[in-house]
Novice: 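Questions regarding the structure given below will be posed in turn.
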Amino acid sequence: MANPLGSPGPISAVAKGFSYEKLSVGQTFGPHLYPLTRESIEQWCRLHGQKHPFSLDSEEAQHRGYRDVVAPAGMAFIFSLQALTHLDVMPAGVILAGKDLHLYEPPCAGDTIETKIKVAEKYIKRDRQYIILEFISRINGDTIAVVDRMSAIWPA
Amino acid sequence: MAGLKVRAFMKHGKKARRAAPPSLPTSSLSITQEQINRYAQLSNDFNPLHVDVEFAGKSIFGGTIAHGTIPLACLLHSLAALCGEPWLKGAHVSAKFIAPARPGDVITAQGKLSGQTADQDGIRAVYDVSCQNQQGQSIIVGTAEIAL
C-alpha cells in the first residue's frame, strides 16, 4: 500500500548524502524557527486527548499568569522533530533509542521557538551505530524552554 | 519516607504539598494509524517506519510503528496531571525505548515514587516510570524528577 500521506517514500540515506562518518561530535545545525500557535497547541491536545484549560483557554491561561495558552510538555518533542527534519540532519529510518529531557520556561502561543542541534556523542554498540543529538530550544531566541537529548540508531 | 521532614511552603499562591504521592495518575492512549499520520504532519517527521505501510512491512518491525514520542507524551501527561500544569517546569525525564508502540495498541503510562527531597522551593520527587501496552509489555522505562 502506498504511503497514505503522499510523501516520496523511502529515500536511500546514501543517495541523500547522509553519512554517519561525516557527522562529527560538536557539529551544530540550525537554528530552526518554529512559530508556536494556538492552533498547533490545540491540534496537539486533540491528538493526545488532553484538555488542560491552560493549554486551550487563553483567558484561563492569562489569569494563571501565562502570556497565552501554554504548550503541553509533550510538545517539546515537536520542537525537536521540526528542527531535525527541516535541518536535514539524519536520514529516514532512524530508530529512537532514548530521550533525556530537561524542561525550563513554559512556551506559549505567539512565541517563536528557536532550536539548535548539536552532535553530542557517537558510538558503536553491538554492531549498531548510535548517535546522540542535543536539541536546545529557546523562546524567541532568549530563555531556554527545553534541552532534549535524543539517542538514536542509524539505519543499517 | 521514614525520618523525612518536609516543610510546606507557599508556592505560586497555593500551599505546597507535604509529601509526594506514592504513584502517578495513570494515563492511557489508544494508538491508531490515523493518529500516527496526523502526528507526522504536526511534527514533520515522515519517517517511513511510521507512515509507509509497505516500507515498514519489510522492516524489522513488520509493520508501521508509532513515533516513540507519542507514548512518551502520554507519560508526560501523567506527570502534568500530578503537577496541575501542562508544562513541567524544572522536570527531568530520562527514558529508554524498549519496544515499539503499534497501531491498535493501548498504551498506559504509570509511575511509582522512588525518592523525594525538600528545599525552600518545595518538593522534588523522583518516580520510576513506564509505559506498557495492553499485553503488559514495556514500551518505555525510565525516571522522572519533578518539582511539586
Side-chain angles (χ1 to χ4, degrees), chain A residues 1-5 7-11 40-41 43-50 52-56 61 64-66 69-78 80-86 92-108 145-146 149-151 155-156, chain B residues 12-13 27-30 33-35 37-61 65 67-70 72-77 79-81 83-98 100 140 142 144-146:
Chain A
M1 186 187 297
N3 178 350
L5 298 180
S7 65
I11 295 170
S40 62
I41 292 173
Q43 198 179 347
W44 193 96
C45 288
R46 206 178 322 124
L47 204 53
H48 290 81
Q50 294 185 22
H52 200 295
F54 300 157
S55 291
L56 295 170
R64 187 76 178 94
Y66 294 109
V69 289
V70 186
M75 280 199 81
F77 306 131
I78 299 297
S80 298
L81 286 171
Q82 283 277 345
L84 184 67
T85 54
H86 279 102
V94 166
I95 298 171
L96 187 59
K99 277 280 193 183
D100 191 280
L101 197 71
H102 284 266
L103 290 151
Y104 298 95
E105 292 302 312
C108 301
V146 54
R149 282 172 68 102
M150 173 187 97
S151 70
Chain B
H12 295 307
S27 289
S28 290
L29 185 68
S30 293
Q33 187 61 55
E34 186 191 340
Q35 178 194 42
N37 294 348
R38 287 196 277 141
Y39 191 88
Q41 285 172 333
L42 186 60
S43 65
N44 200 53
D45 180 0
F46 295 96
N47 185 330
L49 291 174
H50 305 312
V51 300
D52 191 326
V53 174
E54 196 176 327
F55 177 92
K58 294 174 188 167
S59 75
I60 57 171
F61 299 108
I65 59 174
H67 302 73
T69 46
I70 293 177
L72 188 52
C74 184
L75 179 60
L76 295 185
H77 182 53
L79 293 163
C83 295
E85 300 280 343
W87 184 264
L88 300 164
K89 181 176 175 178
H92 175 206
V93 179
S94 186
K96 266 201 298 191
F97 295 88
I98 305 296
I140 293 171
E145 183 179 337
I146 51 173

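Chain letters run A, B, ... following the sequence lines, proteins first and then strands; every chain starts at 1.
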Novice: Under the rule for ring pair (Phe, Tyr, Trp, His ring centres under 6.0 Å), what residues qualify as partners of A:Phe77, not counting sequence neighbours?
Specialist: none

Novice: If you look at every heavy atom in B:Asn47 and A:Gly93, which pair is closest and at what distance?
Specialist: OD1-N, 3.2 Å

Novice: For B:Ile146, is it the side chain, the backbone, both or neither that has a heavy atom under 4.5 Å from a heavy atom of chain A?
Specialist: neither

Novice: Check B:Gln35 against A:Leu47 and note the closest heavy-atom contact, atom names and distance.
Specialist: NE2-O, 3.2 Å

Novice: Compare every heavy atom of B:Asn44 with every heavy atom of A:His86, then report the nearest pair and how far apart it is.
Specialist: CE1-ND2, 3.4 Å

Novice: Shorter than 4.5 Å, heavy atoms on both sides: which option in B:Thr69, B:Ile140, B:Ile98 has the most such pairs with chain A?
Specialist: B:Thr69

Novice: Which atoms of B:Leu88 are under 4.5 Å from chain A, going by heavy atoms: the side chain, the backbone, both sets, or neither?
Specialist: both

Novice: Just so I understand: if I count every heavy-atom pair under 4.5 Å between each of B:Ser94, B:Ser30, B:Ala80 and chain A, which residue has the most?
Specialist: B:Ser94

Novice: Please round to the nearest 0.5 Å and tell me the distance separating atom CD of A:Gln43 and atom CD of B:Gln41.
Specialist: 8.0 Å

Novice: Counting C-beta onward and ignoring hydrogens, is there a side-chain heavy-atom pair between A:Leu101 and B:Leu76 closer than 4.5 Å?
Specialist: yes

Novice: Not counting sequence neighbours, which residues clear ring pair (Phe, Tyr, Trp, His ring centres under 6.0 Å) with B:His67? List them please.
Specialist: B:Tyr39, B:His50

Novice: Can you tell me which portion of B:Leu42 sits under 4.5 Å from chain A's heavy atoms? Options are side chain, backbone, both or neither.
Specialist: both

Novice: Could you tell me which non-hydrogen atom of B:Ser43 sits nearest to which non-hydrogen atom of A:Ile78, and how far apart they are?
Specialist: CB-CD1, 3.8 Å

Novice: Which bit of A:Ile95 comes within less than 4.5 Å of chain B, counting heavy atoms only: side chain, backbone, both or neither?
Specialist: side chain

Novice: Sub-3.5 Å donor-acceptor pair from the side chain of A:Glu105 to the main-chain atoms of B:Lys89, do we have one?
Specialist: no

Novice: Do you know the tightest heavy-atom contact between B:Ala73 and A:Gly74?
Specialist: CB-CA, 4.2 Å

Novice: In terms of heavy-atom pairs under 4.5 Å, which option from A:Ser40, A:Ser151, A:Gly49, A:Pro107 contacts chain B the most?
Specialist: A:Pro107

Novice: Testing the basics here: between A:Ala76 and B:Trp87, what is the closest heavy-atom pair and its distance to 0.1 Å?
Specialist: CB-CH2, 4.2 Å

Novice: Ignoring hydrogens and geometry, is there a side-chain-to-backbone donor-acceptor pair from A:His52 to B:Gly84 under 3.5 Å?
Specialist: yes

Novice: Is chain A contacted by the side chain of B:Ala91, its backbone, both, or neither, given a heavy-atom distance below 4.5 Å?
Specialist: both

